[in-house]
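Below, chains carry the letters A, B, ... as their sequence lines are ordered, and counting in each starts from 1.
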Amino acid sequence: MKRYSAFNLFREGLNGHKGWGPAWRSPEPARSYDAVIIGGGGHGLAAAYYLAKIQGLKRIAVLERGWIGGGNTGRNTTIVRSNYRQPQIQRLLEFSLKLWEGLSEELNYNVMFSQRGALFLGHSDSDMTRLAERGDALRCNGIDAELMTPGQVARLIPLLDMSDRARFPVHGGLIQRRGGTARHDAVAWGYARAADVRGVDIIQNCEVTGFDIRGGRIAGIRTSRGDIATDRIGMSVAGASGQVAALAGFTLPIESHLLQAFVSEPVKPMIDTVIMSQSIHCYISQSDKGEVVLGGDPDLYPTYSQKGVPYRLEEVAGQAISLIPALSRLRMLRSWAGTTDMSFDGSPIIGTTPVEGLFINGGWCYGGFKATPGAGWLLAHTVATGAPHDINAPFGLDRFAAGATVDEQGTGPMPQAH
Amino acid sequence: MLLITCPHCGERAQAEFTYERPVQTVIALDAPVEVAVETLYNRANPRGWSWELWRHTHGCGAWLKLHRHTATHEVAAVALLEAGA
């Protein structure tokens, strides 16, 4: 594998760029592995990378039904932040954010992580009270948060409608300056390349069709490309967690819903931060290509179609235009939808399953992208040691029966409520 | 997007309806704790046909049972909830 560096770029430039070679191999699956990760998204590839690098396992495979990064890794709004309210999820996402901060160097791959700030707008006195409460909770736990006045917000985003007649008047905001965006494909490709360097077999077009379970313990996995013997499996298949769990004979506290996002035609830089809101569900950011990226509420009913309802796009566009009237002149280029693992408390599930040797990372609702490095690291730890790390211990499957849910929004046990 | 035929109102757009939960997850009032927890939290979450509770929230307000395919979005049946269901 050729290292990406200024020197190698210069040398390859003289050579007509003929010497780079593929960034990862396409091996045939072996008959057995020390550990298998199901799902070649960012989370699964990260888990394989950390299994090889941190946990020191040698023979690792990633099985991907389609192509790597072709699922939810490529169907999000690329926002990275850790400014949540509950301490358990703060700790998990801050762990992940710290990994993001060194990720491009770690992987020798530019994931284009841009800490442009993640701002929540407040539109009323009660919004500002809740933002102040969240900011206090964050700072108590060592995570950066700054409460902003309307004047500060207006200086940061001059295009916001700050007039008295605004549909959503801006009373201030809460910003996490270390938050931002990253390039979603680059995260999958970077982890894939770095994992491949460490000997991980990335096997695409390989669908899992069943498990070999003996006495309640994993003995192997059946795939469309043959049976593989292994005693440790990590599933990281958000959107299809229910189907994979069904193959292993158990059900999950997850419903599969759908989240849409869409982008405008590319324009010159107009929004250099990530804009969210305490009251309305609308995310606005601008990609490095210049497209304005918009996202909002999920579709709120179970579907695997990856086809969203048009009225949701209308809603999000309406909210975005109310906040930034200049957006009304933009044409929308394309929209997409991802299947989300909606859990019953809005928090992920990372831990053991009823089948010994089978571990799960899923239930990320619509917030999994930001957790890619951390979730992968923690799944690798859980797969290698057989038990959750301290950070993912609160996110086990058993928390629902125990009543120890991590309900960020405080909205109760309904998947569509989070 | 779904086109749902409400027994009272006829064909209406999905925007008027609210999804509630799968029909089989309604918990009996006298269910033991383990059964209640299992019913409340765990989902078959099928990629295929499912019976679901919906409500015509922004229409007549009726509670409905839908037989619906979660991947193709076909709706095979829409029924009113019977008394006591």
Side-chain angles (χ1 to χ4, degrees), chain A residues 237-247 249-258 260 297-315 337 339-345 349 353-354 362-363 397-405 407 412-417, chain B residues 1-6 11-29 31-59 63-78:
Chain A
V237 293
S241 294
Q243 274 74 63
V244 175
L247 294 175
F250 59 93
T251 54
L252 291 170
I254 284 174
E255 274 185 14
S256 294
H257 290 211
L258 173 153
Q260 303 185 68
D297 265 329
D299 279 10
L300 305 176
Y301 76 111
T303 173
Y304 289 90
S305 66
Q306 295 186 327
K307 290 187 188 80
V309 294
Y311 56 82
R312 184 70 69 225
L313 300 184
E314 237 178 320
E315 245 173 53
T339 311
T340 53
D341 265 15
M342 299 304 292
S343 70
F344 280 64
D345 58 356
I349 297 162
T353 69
L397 267 176
D398 53 355
R399 71 177 185 269
F400 298 98
T405 53
D407 192 342
M414 296 297 278
Q416 64 268 45
Chain B
M1 192 164 81
L2 307 177
L3 189 62
I4 299 170
T5 308
C6 172
E11 282 190 351
R12 294 299 179 97
Q14 183 184 349
E16 294 185 8
F17 297 81
T18 316
Y19 162 76
E20 176 67 17
R21 58 173 68 199
V23 167
Q24 68 272 21
T25 64
V26 177
I27 304 167
L29 289 177
V33 172
E34 309 78 58
V35 176
V37 167
E38 171 73 22
T39 313
L40 177 62
Y41 287 120
N42 280 353
R43 292 287 190 267
N45 197 19
R47 187 191 175 96
W49 290 100
S50 178
W51 277 100
E52 296 167 341
L53 282 185
W54 286 65
R55 193 169 183 215
H56 197 181
T57 319
H58 306 292
W63 284 94
L64 306 169
K65 271 200 296 190
L66 258 69
H67 194 39
R68 194 176 67 83
H69 197 287
T70 59
T72 64
H73 287 180
E74 287 168 89
V75 179
V78 185

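- For the side chain to side chain donor-acceptor pair (under 3.5 Å) with A:T303, the qualifying choice from B:H73, B:H69, B:R47 is B:H73, the only one to do so.
- For A:A246, no part lies under 4.5 angstrom from a heavy atom of chain B.
- Residues meeting the salt bridge (Lys or Arg N to Asp or Glu O under 4.0 Å) test with B:E20, sequence neighbours left out: none.
- Ranking B:L40, B:L2, B:T70 against chain A, the residue ahead of the rest is B:T70, based on heavy-atom pairs under 4.5 Å.
- Remark: B:E52 pairs with B:R68 by the salt bridge (Lys or Arg N to Asp or Glu O under 4.0 Å) rule, at least two apart or across chains.
- If you measure heavy-atom distances from A:I254 to chain B, the contacts under 4.5 Å come from both the backbone and the side chain.
- Listed for the A:Q416 side chain is a donor-acceptor partner under 3.5 Å among the backbone atoms of B:Y19.
- For a residue to count as touching a neighbouring chain, one of its non-hydrogen atoms must lie under 4.5 Å from one of that chain's; by this rule A:Q243 touches chain B with the side chain only.
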